[in-house]
Each structure stands twice: as structure tokens, then as C-alpha cells.
Engineer: 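Before we start, here is the structure in question, set down as C-alpha cells.
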Amino acid sequence: MPASLSGRDAQFQARLEAARPLEACAADAQNLTELFHALYEETARGMDATVFLFALHEEASETVRVVRQMDRGVEHPGGSFPLGKGFTSEVIRTGTPKLIRRWATEGPPVRLLYGTETKELIAPQSGVVVPIKSGDRVLGVLSAQSYRPEAYENADLLRLDAIAAQGGIAIQRLRVTEQRALEHERRAFELEAVLATMTDALLIVDARGAIVQLNRAARALLCLDSASLVLGQPLEQQRVEQWPETAREIAAALAGTIDALRSGKSVAEAEIELHCGRLRVISVCASVLRPAGGAPQGGLILLRDVTAQRDLERLREDIFSMAWHDMQAPIAVIRGHSELLLRLLSCGESDGKAVEAEAALIVRHADRLADLLTTLFDVSCLEAGLLSISRSPTDLSALAREVADGMRTAARHEIKFEGDERVLGKWDAGRIRQVLMNLLSNALKYSPEGSMVTVSVAADEHNATVRVRDEGIGLDRSELERLFRRGYRAESARKIPGGGLGLYFSKGIVAAHSGRMWAESAGHGEGSAFCFTLPLQARA
Ligand code: ADP
């Protein structure tokens with residue numbers, strides 16, 4: 001040290017010298033225990049550190065938390081004590097370092113639990129205690145103590161103070177890191193929770209287009225078990241051929257989206273149609289993940305099953321066009337015959353029969369309109385899940401016989417009823433009547449005049465079964481399943497007017513009773529049978 005240095009400069013220099021090697025070693029500490037070791041080693045290198053203590057001040061609880069302590073080369077765990085009257089507490093309160101040359105005469109005795117080898121408690125005889133500070137706040141203390149009196153000088157105090165200054169920086173750094181880690185953990189937890197509760201499927205891809213994260217809904221949509229997808233591998237390198245069919249279809253459809261994300265472009269709403277199994281419509285949105293001003297880091301792909309929504313839209317369109325198409329004829333008839341009736345009445349037509357015939361025709365077509373409106377309303381209720389079923393004790397045999405009898409009067413067919421005397425259950429008689437009327441009117445509509453239509457009702461231990469059999473146009477095997485879809489009409493039936501809603505609605509009513517409906521036919525021209533079962537005991 002040059003002789004020209006003043007006393008203060010010399011002290012400053014000494015502090016710098018003392019602190020220099022420590023800087024690096026405290027900077028590496030990843031936690032408080034590592035920091036304790038770094039501080040202890042540095043202290044022991046330059047002074048008596050027979051006893052060494054590193055403690056933190058917990059302001060809220062006014063507690064001193066000893067991180068670790070050393071006694072004659074043996075490390076001991078820490079502990080806590082309330083801020084009291086000892087030197088440690090005093091240094092924390094005042095923020096001023098303390099040099100204790102002779103403990104016995106200068107201050108309260110200190111008792112060390114581990115200094116008991118001589119069977120009596122031994123106490124340090126001298127010590128230095130310095131605050132670890134951040135600005136004006138005291139974060140904790142460092143204390144070196146010796147069993148010898150007068151073991152420390154002012155220079156030791158300065159040295160320990162410099163070490164404490166480095167300790168302060170390290171503690172702040174650890175606290176910030178800890179804070180950040182906690183913050184990250186919290187954010188990650190929140191994100192996990194959001195992802196898990198999302199009903200939409202979400203995929204997160206990295207800059208190479210590799211899936212790095214996907215939520216539960218995405219796994220369900222892709223039908224992937226955990227073994228099928230290798231996270232972090234680009235989609236084109238996945239063993240896609242081993243994936244379930246839906247996942248393969250989606251993966252193929254997403255190739256363009258992933259390419260767009262790779263080149264930093266978002267994808268506004270697009271739709272893909274999945275044809276395996278039933279038709280499904282999936283809406284796809286993708287947005288690039290790009291840190292402010294940085295390069296694209298991949299992106300988020302959101303997949304939403306919009307099949308139900310599209311179905312509903314299609315239903316609305318169907319209903320509208322059906323209403324438009326099917327109502328025109330009866331409205332035109334009603335209008336034409338009303339005019340005719342008016343004319344007959346205004347010219348004093350005396351033929352009561354002619355007037356009555358015109359009026360009857362108007363009533364019949366108005367009824368047709370009303371039926372049509374009811375069907376459209378019922379179908380939209382069924383689609384919206386609002387179809388009401390109100391059960392009451394019903395004799396299915398009596399109901400079917402009554403419907404058959406009612407239709408026989410107007411029919412140009414032979415309608416036969418056969419079956420059990422009484423078949424009792426709790427069903428919605430009004431709705432089941434709608435089903436029976438639909439099946440019976442179809443049987444009449446799709447079979448030649450004069451042919452036989454048979455309605456039968458039978459019951460076994462669990463179910464009642466109704467069959468409506470005709471000798472009409474029949475159906476081929478491929479049509480049998482499709483008949484129950486909304487709006488479906490077999491090729492052979494298209495010359496006969498109809499909307500393709502009756503069977504769809506009837507099946508909905510039967511399903512709402514936990515029953516089943518199906519069609520049987522040996523082929524075109526072979527007649528057909530439409531059947532349904534209803535459980536005798538209503539299922540909860
Ligand atoms: P609609 O009769 O108004 O077309 P439905 O839903 O009642 O509507 O019937 C759907 C289709 O099922 C019909 O268009 C027809 O192709 C077929 N179908 C229904 N009942 C019979 C039947 N008894 N014989 C042959 N085909 C039938």
C-alpha cells in the first residue's frame with residue numbers, strides 16, 4: 001500500500017482487497033446454505049472464525065433466523081430466536097457493526113448449545129458482528145467469534161463488513177431469483193389450470209413446428225394415448241401412421257397451419273372436415289408466438305369442434321327451405337279454393353254439396369299446413385334438446401289399434417292390427433301417437449293402393465315392440481341406416497312428396513323414451529318393416 005494513502009483510503013483499499021476474492025464465490029451461490037459456506041470460507045481465510053454465524057432478519061415477525069452456524073470446524077443447523085438484547089439483535093436494530101474485544105466484561109453472556117464438550121457451557125470471549133445491509137435495510141448479520149479474548153481488531157471488523165456487503169448483494173440476487181422462480185411456478189400453474197379446464201383443444205408448437213404442449217381436450221380430440229405422441233418432435237417426423245384415424249386426418253389437415261406458423265404467419269379461422277366415423281367439422285385458429293420485437297417462436301393452435309353449431313345452422317336452413325317448399329302448395333290450394341268458394345257464395349250458389357266440398361278441401365289443406373308447422377317446430381325442439389316427454393300409464397296396444405282404426409277410414413289399403421291384448425307402460429302417449437302415425441302414413445305412402453299394412457304390438461319381459469309392415473317399395477341394405485338421418489330420402493321415394501323429417505323425429509322420440517328404432521327390408525320392391533321397442537320400466 002503506498003505510504004501516501006490517507007487513513008480512510010487505506011481502510012477503503014483494505015475493504016476492497018478483502019472483498020475481491022469473495023465476489024466470485026458468493027456470486028455462484030445458488031441458495032442460502034451455499035452462500036453460508038462461501039461467507040464462512042472467506043471469513044476463515046482472513047480471521048479467527050472458530051465460531052461463525054450467518055443469520056437473516058425477518059422483519060415481519062421480528063425474528064432472527066440463523067441460516068447455519070460453525071463451531072470449531074463443525075457445521076450446525078440454524079434456528080430462530082426473537083430479536084432480543086444480545087449483540088446480534090443490537091447490530092440488527094442499529095445497523096452498526098460491533099467489535100467485542102472482551103465479551104465477559106462488555107456484554108451479555110452468549111450461550112452456545114454445542115459448546116458443551118467440557119460438560120459446562122463455554123462461551124466465546126470476543127467477537128465481531130456486522131450487519132448485512134441493502135440500502136438502509138438490515139437483511140441479517142454475520143458474526144465471527146472466538147473463545148480467546150481480544151481475538152479481533154478494527155481491521156477484522158472492516159474485513160467482515162466487506163464480506164457482509166457481498167453477502168447482501170448475493171442475498172438480494174437469491175431473493176430476486178427465488179421471487180422469479182415462484183412467479184414462474186405460479187404462472188405455469190395458472191397456465192396448466194387454464195389448459196386443463198379448456199373445452200377447446202389447444203396445441204403449442206415450437207419454432208420447428210414440433211408439438212411441445214397439448215391439453216387434455218386436444219388429446220381427446222386426437223384420440224392419442226400418451227405413447228402415441230412424442231412431444232418436441234416435428235409433426236412430419238411423428239410416427240403418424242400408428243396414430244388413430246382421426247388424429248391422422250387432423251395431423252394431415254394441420255400441415256398447412258404449421259407451415260404458416262413456421263414462417264411467422266397466423267391463421268384466422270379455417271375449417272376442416274373429418275370424414276372418419278361421423279362427419280365432424282373442426283374450426284382451426286393459429287397465432288404466432290413472437291416475443292416483442294423478436295423472431296417467431298412457434299405458436300398456438302386452437303381446435304374447436306363446431307359440428308353441433310354447423311348442424312344447427314344447417315337445420316335452420318333446412319327448416320326454412322322445407323317450410324318454403326312445402327307450404328307453397330297448400331297455401332296456393334287454400335287461396336285458389338277460397339276464391340272459388342267466395343265466387344260460389346257471391347253468385348248465390350245453391351248446390352250445398354259443391355260449397356261443402358270446397359270448404360272441406362280448404363280445411364284439409366289448412367290441417368296439412370298446421371301439421372307441417374308442428375313437425376318443423378318439433379324437429380327444432382328435438383335438435384335443441386328441448387323435446388318434452390311427459391309420461392303417464394299408457395296401453396300401447398290400445399294406442400296402436402286406435403291409430404290404425406283412425407287411418408283405416410281414409411286409407412285405400414287394408415290395415416290389419418295384430419298383437420297382445422294389453423301392453424302397459426309409462427310413456428308419453430301423445431308423442432308415441434306421433435311415431436305411430438308417422439310409420440303408418442309412410443307405410444301407406446310408400447306402398448301400392450290395396451296392399452296390406454300390418455301393425456303389430458308384442459311384449460317380452462323387458463320391452464314392448466311395435467312393427468309396421470308394408471308390401472311397398474322396400475329399401476336396399478345400404479339405405480336402412482341412413483333413413484333416420486335428418487332430411488334423408490331414398491332415391492326410390494323421391495317422386496312421392498316428403499321432407500325426410502318424420503323418421504328422424506320419430507327416432508328422437510323413441511330415444512327420449514330410452515327405446516330403439518330400426519328398419520327391415522329384403523330389398524327394393526320387397527316391402528319393409530319399421531320397428532321400435534320401448535322399455536316396459538322407465539329407466540332413470
Ligand atoms: P318423408 O317420408 O317425408 O320423406 P321420413 O323421414 O318419414 O320422410 O322418411 C324418410 C325416408 O325413408 C323416405 O323418404 C323414404 O325414402 C324412406 N321410407 C320411409 N318409410 C318407408 C316405407 N314404409 N317404405 C319405404 N321407404 C320408406
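Order of listing sets the numbers, starting from 1, for every ligand and every atom in it. Quick note: numbers below take in every heavy atom, side chains included, and nothing from hydrogens, waters or symmetry partners.
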Engineer: By number and element, which atoms of ligand 1 are closer than 4.0 Å to a non-hydrogen atom of S528?
Structural biologist: 22 (C), 23 (N), 24 (N), 25 (C)
Engineer: Please check if atom CD in E481 has more than 12 non-hydrogen atoms from other residues, nucleotides or ligands closer than 6.0 Å.
Structural biologist: no
Engineer: Charged N to carboxylate O under 4.0 angstrom, E59 versus R137?
Structural biologist: yes
Engineer: Answer yes or no: are there more than 12 heavy-atom neighbours, outside Q179 itself, under 6.0 Å from its atom CD?
Structural biologist: no
Engineer: Between A490 and ligand 1, does any nitrogen or oxygen pair lie at a separation below 3.5 Å?
Structural biologist: yes
Engineer: Within the structure, is a non-hydrogen atom of G500 found at a distance of less than 4.0 Å from ligand 1?
Structural biologist: yes
Engineer: Looking at W518, is R516 sitting on its ring face, NZ or CZ under 6.0 Å from the six-membered ring centre and within 45 degrees of the normal?
Structural biologist: yes
Engineer: Using a heavy-atom cut-off of under 4.0 Å, does the side chain or the backbone of Y488 touch ligand 1, or both, or neither?
Structural biologist: backbone
Engineer: Using a 4.0 Å heavy-atom threshold (strictly under), name the region of L439 that reaches ligand 1: side chain, backbone, both or neither.
Structural biologist: neither
Engineer: Any ion pair linking R431 and D378 (charged N to carboxylate O, less than 4.0 Å)?
Structural biologist: yes
Engineer: Would you say A493 has any N or O atom under 3.5 Å from an N or O of ligand 1, going by distance alone?
Structural biologist: no
Engineer: If the threshold is 4.0 Å, N to carboxylate O, is there a salt bridge linking K353 and D351?
Structural biologist: no
Engineer: Provide the number and element of each atom of ligand 1 under 4.0 Å from a heavy atom of L501.
Structural biologist: 6 (O), 8 (O)
Engineer: Kindly indicate, with the supporting measurements, whether the criterion salt bridge (Lys or Arg N to Asp or Glu O under 4.0 Å) is fulfilled by R391 and D428.
Structural biologist: CA-CA 4 Å; R391 294 171 184 266; D428 186 326; over 6 Å; no
Engineer: Can you find an N or O of L503 that's nearer than 3.5 Å to an N or O of ligand 1?
Structural biologist: yes
Engineer: Look at atom 27 (C) of ligand 1 and say which protein heavy atom is nearest, naming residue and atom and giving the distance to 0.1 Å.
Structural biologist: Y446 CD1, 3.7 Å
Engineer: Within the 4.0 Å heavy-atom shell around I473, which atoms of ligand 1 are there?
Structural biologist: 25 (C)
Engineer: Hey, is R467 close enough to E520 for a salt bridge, meaning N to O under 4.0 Å?
Structural biologist: yes
Engineer: Could you establish whether F505 and ligand 1 come within less than 4.0 Å of each other, counting only heavy atoms on the residue side?
Structural biologist: no
Engineer: Identify the protein heavy atom lying closest to atom 3 (O) of ligand 1, giving its residue, its atom name and the separation to 0.1 Å.
Structural biologist: G499 N, 2.8 Å
Engineer: Any Lys/Arg nitrogen of R368 or D371 sitting under 4.0 Å from an Asp/Glu carboxylate oxygen of the other?
Structural biologist: no
Engineer: With heavy atoms under 4.0 Å as the rule, classify the contact between D470 and ligand 1 as side chain, backbone, both or neither.
Structural biologist: side chain
Engineer: For atom 14 (O) of ligand 1, tell me which residue out of E479, R489, R494, H524 has the closest non-hydrogen atom.
Structural biologist: R489
Engineer: Which bit of K445 gets closer than 4.0 Å to ligand 1, counting heavy atoms only: side chain, backbone, both or neither?
Structural biologist: side chain
Engineer: Tell me yes or no: between the side chains of T177 and R173, is some donor less than 3.5 Å from an acceptor?
Structural biologist: no
Engineer: Look at atom 19 (C) of ligand 1 and say which protein heavy atom is nearest, naming residue and atom and giving the distance to 0.1 Å.
Structural biologist: N442 ND2, 3.5 Å
Engineer: For L483, counting its heavy atoms only, list the atoms of ligand 1 lying under 4.0 Å from any of them.
Structural biologist: 12 (O), 17 (C)
